[in-house]
Amino acid sequence: MKAGGPDGIPVEELDEAQARDELARLASAIDEADRAYHTEDAPRISDAAYDALKARNAAIEARFPDLKRPDSPSKRIGGVVAEGFAKVAHARRMLSLANAFEAGEVAEFVAGIRRFLGLPAEAALAFTAEPKIDGLSLSLRYEAGRLVQAATRGDGAVGENVTANARTISDIPDRIENAPTLLEVRGEVYMHHDDFAALNARQAERGGRTFANPRNAAAGSLRQLDSAITRSRPLRFFAYGWGALSEPLAATQMVAVERLAGFGFPTNPLMQRCESLEAMLACWAAIEQRRATLGYDIDGVVYKLDDLALQERLGMRSTTPRWALAHKFPAETAWTRLEAIDIQVGRTGALSPVARLGPVTVGGVVVANATLHNEDYIAGRDSRGAPIRDGKDIRAGDWVKIYRAGDVIPKVADVDLGRRPSGAEPYAFPEACPECGSPAIREPGDSVRRCTGGLICPAQAVERLKHFVSRAAFDIEGLGAKQVEAFWHDGWITEPADIFTLQSRYGSGLQQLKNREGWGEKSAANLFAAIEERRRIPLQRLIFALGIRHVGEAAAGLLARQYGTWDAFEAAMTRAEPGSAEWEELLGINGVGEVMATSLTAAFANDAERALIDRLIAQLDVEPAVQAAGDSPVAGKTVVFTGTLEKMTRAEAKARAEALGARVAGSVSAKTDLLVAGPGAGSKAKKAAELGIETIDEDGWLELVGGG
DNA sequence: GTGCCTCGAGTTCA
DNA sequence: CTCGAGGCAC
């Protein structure tokens, strides 16, 4: 067996670093043994040796509970993770990229970087340009040169552990030489056109299912629970970036990627360095020209700022880095007939038109529905009244050109007026809710028409319940959108509180639930257990789950942190009205404005709504929110910058401070904790002195937050 | 008032 | 993933 087997250093003598290394090795050794046992029917180690590995893993975890890995073997049962793959937290987030479709947007991207860094327009900036592979991204963790973990992107923060499958891909080395002790390589798994065609032919021959396109084939192959199947699939890999590192790879993007190639990873041969905007656009055009002959799918070109120190200074927006951009190729389109326009009613009452289409293949996927957004979109206008599609409106029976925005969401790009059936009438947008008949009103300046039925509208009621059980809200296992709809239809659940009384009303002996289609004793018991588990709910989730208009996940987090407990939150929302101290406190939260405040107080002032909330709360045990215990010295502090900053721009300083958990304000007030004053600071510095607020200079700030 | 940037709410298909 | 709108800095 491998190093770190049961015969290593006694557990009592391990230090933390050794323990961490060994847990990683044990996880992959056990993983490998599991896969061999369960999927290849050919155990590679004896049962006794396997048990010893598990026992040692448990002993180390007991001594160092903090080091317990998210993919810990102790969480697995019989080698197969319940519910598919184990979740793994990425040591550094896997990013997505901002998109551009026009040259002008690329120019704006470059100009924006100059602005952010405070560089003059003529200052040279170099970028890398490389094809954007249409596959799935993968993060490979190497410790001491050995592949210990492979994870999919997931939501960027948490992905799925696909280590056993990644090991079967020949482009991915198991070991690398002369590498940093920790190296996370990031890249794209994809499938060649030839391999895709051969795979589909083979699948068809065996009567198996064929894949719609190489991307789906690659995704389906990588996410096989049985890695023997993955092994039989011709997957390939290009490395283009990195995550956590024990030491920097290089000073530039280009050289860093060359180093990855040096470690033995395939890197894209078309990647090159561009010294100017013109060179970037030329590179884009050149790659597009070669697109059809590459042998694999690409959907654009990725630009990255070459200088890694500058990348660091630019930092991140909420989900995308400021230093990279995906410049997409024009989307594939297809013509089809629009059979009908239907209206869906959302949780807030929004009436959304949907196009029912004659099925048509766009970009390798059969599309039968497309969003039509709103009234104006159908009429051929944007929100400002300017014409779109040359002002052509959309009518039932029209021939329409479909594309998939971002290669995902089907949309109507154009209408063929020449083929419009005679007698086709302009679409009359309904002025009453198709579900409940209440008037549907469009507020001045709003682009959507909303059903005014509120709680009496069945569509809104169901959508609100779906929202309530959604992932960022109560997230009850076994109670998804479909189940909620079925329960609602039978009158078992009509409002959130009903979920928590379901067992007492229908669960006795489980008879009634068992009689429902698709429910057995086991699944019913599981559902009730999952519901019980969620009686205790973090305040943030609860606030989000209420589904108050304008209050999403982020706002719910802000509110939970501000008020801490449900009682404090509820009291404040009940008492807040313009002019009151509670109202001021609410508006004082950075990110809450009048619209949101009005929406919140209105919800708590509405009797029916309020009764619904009260019935729900009676069923729950709300977990108070804790102030984020950031370890930065400025976390939670309000900072003001004034005067001239010499080593960073204003935007940069602000982004940095916020990344460390500080709130950046524009003017000094009693709420200010720290003033950073550069040369030329005037009235703000004076005011800070009067208020006795701590004031430091730019160097003091850099020292405080650790370097530049 | 204008111009970011971020968030909310809507959307499809496998 | 995208659009529109809310919130905030300038």
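Residue numbering restarts at 1 for every chain, and letters A, B, ... go by the order of the sequence lines.
The side chain of A:V366 has B:dA14 as its nearest neighbour among B:dA14, C:dG4, B:dT12. Nearest to the side chain of A:V595, among B:dA14, C:dG6, B:dG8, sits C:dG6. Listed nucleotides: B:dT11, B:dG8, B:dT6. Nearest to the side chain of A:R322: B:dT6. Relative to the side chain of A:E553, the nucleotides B:dG8, C:dG4, C:dG7 differ in distance, and B:dG8 lies closest. Here the nucleotide nearest the side chain of A:H550, chosen from C:dG6, C:dG4, C:dG7, is C:dG6. In this structure, of B:dA9, B:dT11, B:dC4, it is B:dA9 that holds the atom nearest to the side chain of A:R549.
Distances shorter than 4.0 Å separate some side-chain N or O of A:K411 from OP1 or OP2 on C:dC3. Taking side-chain N and O atoms only, A:Q344 has a distance below 4.0 Å to OP1 or OP2 of B:dT11. Residue A:S447 has a polar side-chain atom (N or O) positioned under 4.0 Å from OP1 or OP2 of C:dA5. At the phosphate of B:dG10, OP1 or OP2 sits under 4.0 Å from a side-chain N or O atom of A:T348.
Across the protein-nucleic acid pair, A:E443 atom CD and C:dG6 atom C1' stand 16 Å apart, rounded to whole Å. One interatomic measurement links the two molecules: CG of A:L357 to P of B:dT11, which rounds to 15 Å at whole-angstrom precision. Spacing between atom CZ of A:R115 and atom C1' of C:dC10 amounts to 13 Å, rounded to whole angstrom units. In this structure, CG of A:N369 is placed 17 Å from P of B:dG10, rounded to the nearest angstrom. In this entry the distance linking OH of A:Y377 with P of C:dC3 reads 8 Å, nearest Å. Rounded to whole angstrom, the span from the CZ atom of A:R381 across to the C1' atom of C:dC3 amounts to 17 Å. The distance from atom NZ of A:K466 to atom P of B:dA9 is 16 Å, rounded to the nearest whole Å. If you take CD of A:Q460 and C1' of B:dA9, they are 13 Å apart, rounded to a whole angstrom.
Among the atoms of the strands shown, none is found under 4.0 Å from any heavy atom of A:A370. At a threshold of 4.0 angstrom between heavy atoms, the contacts of A:R347 are confined to the sugar-phosphate backbone, with no base atom among them. A:A219 comes within 4.0 angstrom of no nucleic acid atom, judged by non-hydrogen atoms across all strands. Heavy atoms of A:F101 sit under 4.0 angstrom from primed sugar atoms or phosphate atoms, though from no base atom. Residue A:V354 is in sugar-phosphate contact alone, with no base atom involved, counting any heavy-atom pair closer than 4.0 Å across all strands shown.
At a threshold of 4.0 Å, the pair A:E188-A:R153 does not count as salt-bridged, since none of the basic side-chain nitrogens sits closer than that to a carboxylate oxygen.
Checked against side-chain hydrogen bond (donor to acceptor under 3.5 Å, both in side chains), A:K411 has the following partners two or more places apart in sequence or in another chain: A:H373. Partners of A:N213 under the side-chain hydrogen bond (donor to acceptor under 3.5 Å, both in side chains) rule, at least two apart in sequence or in another chain, do not exist in this structure.
Each of A:E495, A:R464, A:Q460 was checked for a side-chain contact (heavy atoms from CB on, under 4.5 Å) with A:L455, and the lone residue meeting it is A:R464. Among the candidates A:V162, A:N216, A:L222, the single residue satisfying the side-chain contact (heavy atoms from CB on, under 4.5 Å) test with A:L136 is A:L222.
Closest approach of A:E435 to A:V345, counting heavy atoms only: CG-CG2, 3.6 Å.
Two residues, A:A555 and A:A368, neighbour DNA chain B, and the one matched to the more 5' nucleotide by heavy-atom proximity is A:A555.
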